[in-house]
Participant: 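Can you keep this structure in mind? I'll have questions shortly.
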Amino acid sequence: MEQRIGSSSQPLKAEPVKGAGFDPAFIPGLTPPASGKTEDDGPEQEPEAAEAEEAEDAAPEPEGTAETSPSEPEEADADGPVFEASDRRARIVADHRGVRLSLDDQECEFRWHEIGAVETETARFGKRYTVTVHTPDRRWYPIEVEAPARSHFKEWDEQLDAVLDAYFEEDAG
């Protein structure tokens, strides 16, 4: 009897390898199959984003207009509702620009068109207030803020609801 070491059946190059043994992010029915693109192919863009980018490149800016930097606040809707909660490590800000989460030295920002849902949760015991930002591509980003007192939960929920009512459109996602 002949004994072989290693796998004798190699997958065809045209056929992608499926399964959790080859792709740790593979969960049947929950995640879409990984695309066959490599990092050398360049970043993927949606057709609308590619068209918008081409239009921006083609249209020259008239002289005298200055582009606003992302760090400068936009004054157009700055007078609307704002939600802000923070503790010694974490900070959550939701306003006309979107939702910004920061934990220690890590920060992330979500514009309103990038958000699929915003979920809040309070701990049954303790003073932890959790806000989770869900994106349309099935990713979620939770952050916990420790409240000075449990009475702040109701106030924070009302403030966040006012911001979501003002800026978040469920139809956009």
Side-chain angles (χ1 to χ4, degrees), residues 25 30-32 34-35 37 39 41-124 126-173:
L30 290 180
T31 59
S35 65
K37 292 192 173 199
E39 291 179 14
D41 293 341
E44 272 187 38
Q45 287 188 348
E46 294 181 10
E48 299 157 7
E51 290 173 10
E53 187 175 310
E54 290 173 8
E56 287 177 7
D57 293 341
E61 285 189 41
E63 291 182 25
T65 59
E67 207 174 296
T68 59
S69 69
S71 62
E72 293 179 20
E74 297 173 8
E75 296 298 324
D77 293 328
D79 58 342
V82 175
F83 168 72
E84 193 168 342
S86 63
D87 64 4
R88 59 186 168 77
R89 293 186 61 202
R91 182 172 182 196
I92 306 164
V93 178
D95 58 10
H96 67 282
R97 292 183 354 197
V99 178
R100 289 177 301 286
L101 309 176
S102 60
L103 179 66
D104 295 332
D105 62 342
Q106 303 295 314
E107 295 182 4
C108 62
E109 180 173 354
F110 302 95
R111 300 283 182 181
W112 290 112
H113 65 88
E114 299 172 325
I115 297 174
V118 177
E119 177 185 14
T120 62
E121 185 179 349
T122 58
R124 185 170 179 190
K127 299 183 284 186
R128 296 214 179 260
Y129 184 77
T130 304
V131 174
T132 306
V133 176
H134 296 269
T135 60
D137 60 348
R138 298 187 191 131
R139 295 187 184 271
W140 60 93
Y141 302 88
I143 190 164
E144 289 183 341
V145 176
E146 191 167 334
R150 288 187 58 88
S151 61
H152 283 38
F153 292 162
K154 184 176 180 184
E155 177 186 333
W156 284 351
D157 275 335
E158 290 171 358
Q159 290 176 356
L160 185 58
D161 284 343
V163 171
L164 293 174
D165 289 343
Y167 303 115
F168 181 67
E169 297 178 12
E170 292 182 30
D171 303 350

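None of the values given here were measured: they were computed from a predicted structure.
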Participant: Side chain of Arg100, backbone of Cys108: donor and acceptor closer than 3.5 Å?
Facilitator: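 Between the backbone of Cys108 and the side chain of Arg100 there is no qualifying donor-acceptor contact (under 3.5 Å).
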Participant: Closest approach of His152 and Ala147, non-hydrogen atoms and distance?
Facilitator: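 For His152 versus Ala147, the nearest heavy atoms are CB-CB, 4.2 Å.
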Participant: Quick one: closest heavy-atom pair of Thr130 and Pro142, and the distance?
Facilitator: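 Shortest heavy-atom separation between Thr130 and Pro142 comes out as CG2-CB, 4.4 Å.
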Participant: Looking only at non-hydrogen atoms, find the nearest pair between Ala123 and Arg150 and report the distance.
Facilitator: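 Looking at all heavy atoms of both residues, the closest pair is O-NH1, 3.0 Å.
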Participant: Let me see the working for Leu101 and Phe110 under side chain to side chain contact (heavy atoms under 4.5 Å, CB included), right down to the final yes or no.
Facilitator: CA-CA 9 Å; Leu101 309 176; Phe110 302 95; 4.0 Å; yes
Participant: Quick check: closest heavy atoms across Ala166 and Pro81, and the distance to 0.1 Å?
Facilitator: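 Smallest heavy-atom distance, with atoms named: CB-CG, 3.7 Å.
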Participant: With respect to Ile115, which candidate in Tyr141, Tyr167, Phe168 satisfies the side-chain contact (heavy atoms from CB on, under 4.5 Å) definition?
Facilitator: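 Output: one option passes, namely Phe168.
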Participant: Using the ring of each side chain (for Trp, its six-membered ring), is Phe153 parallel, tilted or perpendicular to Trp156, with breaks at 30° and 60°?
Facilitator: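 Tilted, since the angle between the ring planes falls between 30° and 60°.
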Participant: Is the backbone N or O of Leu103 less than 3.5 Å from a side-chain atom of Gln106, with the two atoms forming a donor-acceptor pair by type?
Facilitator: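 Not a single qualifying donor-acceptor pair exists.
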Participant: Quick test of your reading: applying salt bridge (charged side-chain N to carboxylate O under 4.0 Å, His left out), list the pairs with at least one residue in residues 80-92, sequence neighbours left out, ordered by first then second residue.
Facilitator: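 Pairs touching residues 80-92 that pass the test: Glu84-Arg91, Arg89-Asp104.
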Participant: Any chance the side chains of Tyr129 and Asp157 put a donor and an acceptor closer than 3.5 Å?
Facilitator: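 Per modelled atom types, Tyr129 and Asp157 side chains form a pair under 3.5 Å.
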Participant: Applying the side-chain contact (heavy atoms from CB on, under 4.5 Å) test to Val99, which of Leu160, Ile143, Val133 qualifies?
Facilitator: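 The residue from Leu160, Ile143, Val133 that satisfies side-chain contact (heavy atoms from CB on, under 4.5 Å) with Val99 turns out to be Val133.
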Participant: Quick one: side chain to side chain donor-acceptor pair (under 3.5 Å) partners of Asp105, sequence neighbours excluded?
Facilitator: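 For Asp105 there are no side chain to side chain donor-acceptor pair (under 3.5 Å) partners, ignoring immediate neighbours.
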Participant: Which pair of non-hydrogen atoms, one from Ala90 and one from Glu144, has the smallest distance, and what is that distance?
Facilitator: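 Scanning both residues completely, I find the closest heavy atoms to be CB-O, 3.3 Å.
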Participant: Apply side chain to side chain contact (heavy atoms under 4.5 Å, CB included) to the pair Arg139 and His134, showing each step before the final yes or no.
Facilitator: CA-CA 6 Å; Arg139 295 187 184 271; His134 296 269; over 6 Å; no
Participant: Between Trp112 and Asp95 (side chain of the first, backbone of the second, donor and acceptor by atom type, cut-off under 3.5 Å), is there such a pair?
Facilitator: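 Looks like yes, one N/O pair under 3.5 Å.
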Participant: Output the distance between atom CZ (Arg111) and atom NE2 (His96), rounded to the nearest 0.5 Å.
Facilitator: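 Interatomic distance, Arg111 CZ to His96 NE2, rounded to 0.5 Å: 8.0 Å.
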Participant: Please name the pair of heavy atoms, one in Lys127 and one in Pro148, separated by the smallest distance, quoted to 0.1 Å.
Facilitator: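 Answer, listing the atom of Lys127 first, then Pro148: NZ-O, 3.5 Å.
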